[in-house]
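Predicted model, so just to flag it, every value in this text is computed and none were measured. Nothing fancy with the numbering, it's 1 onward along the sequence.
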Amino acid sequence: MHESNGVRLKITSKVLTSADIESRLAIKPDEAWKIGDMTGAFGVILKEHGYALDSKAFITAPIADHLRSLIQRIAPVAKKIGEISTQATVAVSCQMRCKAVPSLAFERDDLRWFVALGARLDIDLHMIVERPAEPAKKPGGPAAGGATSGF
């Protein structure tokens, strides 16, 4: 598995549908769902409508680049997202898959964006554990009939 990063703006609501949110923001979502949709391997039934926009940075870019990419994408409608946050849950979700624990630091201006959006910050860190390669088996060992009885 390779290291990767992503940032997503997710808006969920029991009241506003993804179509309602799309019409208010005039941005087509990267993903949308509605109450009653089934998701996941176990077919969990969703209890809220959802609307999501993703960062457009390359998956190997640092998390800060993903955050700036998303902010640039939503900057023209930040005030509208803030207004929506009174009827919905707004979250900025950072997903990181990495081999070592990353340093996380957000600039003051980035934090201001979260406040302006009425958003919470979710950080999902998935550690990649690589297993060491197994040592090669030597030919002629006991399994190959090379053992002697010693008599």
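The heavy-atom pair separating Gly43 from Met38 by the smallest distance is O-CE, 3.5 Å. Here the closest heavy-atom approach between residue Cys94 and residue Val7 is recorded as SG-CG2, 4.0 Å. Scanning both residues, Pro29 and Leu53, for their nearest heavy atoms gives CA-CD2, 3.8 Å. When all heavy atoms of Asp122 and Ala91 are compared, the pair lying nearest together is OD2-CB, 3.7 Å. In this structure, Ser55 and Leu70 approach most closely via the heavy-atom pair N-CD1, 4.2 Å. Of all heavy-atom pairs between Ala57 and Ser69, the closest is N-OG, 3.5 Å.
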Decide side-chain contact (heavy atoms from CB on, under 4.5 Å) for Met96 and Ile123; before the verdict, give the C-alpha distance in whole Å, the side-chain angles of both, and the deciding distance to 0.1 Å.
CA-CA 8 Å; Met96 296 171 279; Ile123 299 174; 3.3 Å; yes
How far apart are the C-alpha atoms of Asp30 and Lys56, what are their side-chain angles, what is the distance that settles it, and do they pass the side-chain contact (heavy atoms from CB on, under 4.5 Å) test?
CA-CA 11 Å; Asp30 295 315; Lys56 296 300 182 186; 3.3 Å; yes
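Asp124 and Arg8 are not joined by a salt bridge, as no carboxylate oxygen comes within less than 4.0 angstrom of a charged side-chain nitrogen. Ion pair Glu83/Arg24 not flagged as a salt bridge, since none of the NZ, NE, NH1 or NH2 atoms sits closer than 4.0 Å to an Asp/Glu carboxylate oxygen.
In this structure, OH in Tyr51 is found 11.5 Å from OG1 in Thr17, a value given to the nearest 0.5 Å. We find the CG-CD distance between Leu67 and Gln72 to be 10.5 Å, quoted to the nearest 0.5 Å. Interatomic distance, CG of Leu9 versus CG of Asp54, reported as 9.5 Å (0.5 Å rounding). Atom NE2 of His126 sits about 9.0 Å away from atom OG of Ser4, to the nearest 0.5 Å. Atom OG1 of residue Thr89 and atom CD1 of residue Ile84 lie 12.5 Å apart, to the nearest 0.5 angstrom. Annotation: the span from His49 atom NE2 to Thr12 atom OG1 amounts to 10.5 Å, rounded to 0.5 Å.
Ser13 places a side-chain N or O within donor-acceptor distance of the main-chain N or O of Gln87, the cut-off being under 3.5 Å.
Note on Leu46 and Ile11: separate hydrophobic clusters, where clusters join Ile, Leu, Val, Met, Phe, Trp and Tyr whose side-chain heavy atoms are under 4.5 Å apart, directly or indirectly. Following chains of ILVMFWY side-chain contacts shorter than 4.5 Å, one can reach Ile81 starting from Leu121, so the two form part of one hydrophobic cluster. Neither Ile27 nor Trp33 shares a network with the other; the hydrophobic side chains, linked directly or stepwise wherever heavy atoms of I, L, V, M, F, W or Y lie under 4.5 Å apart, form separate groups for each. Hydrophobic clustering of Ile, Leu, Val, Met, Phe, Trp and Tyr side chains at less than 4.5 Å, counting indirect connections, unites Val92 with Leu125.
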Return a table of donor-acceptor pairs under 3.5 angstrom between the side chains of residues 97-119 and protein atoms on other chains or two or more places apart.
from	atom 1	to	atom 2	distance (Å)
Lys99	NZ	Glu130	OE2	2.9
Asp109	OD1	Arg112	NH1	2.8

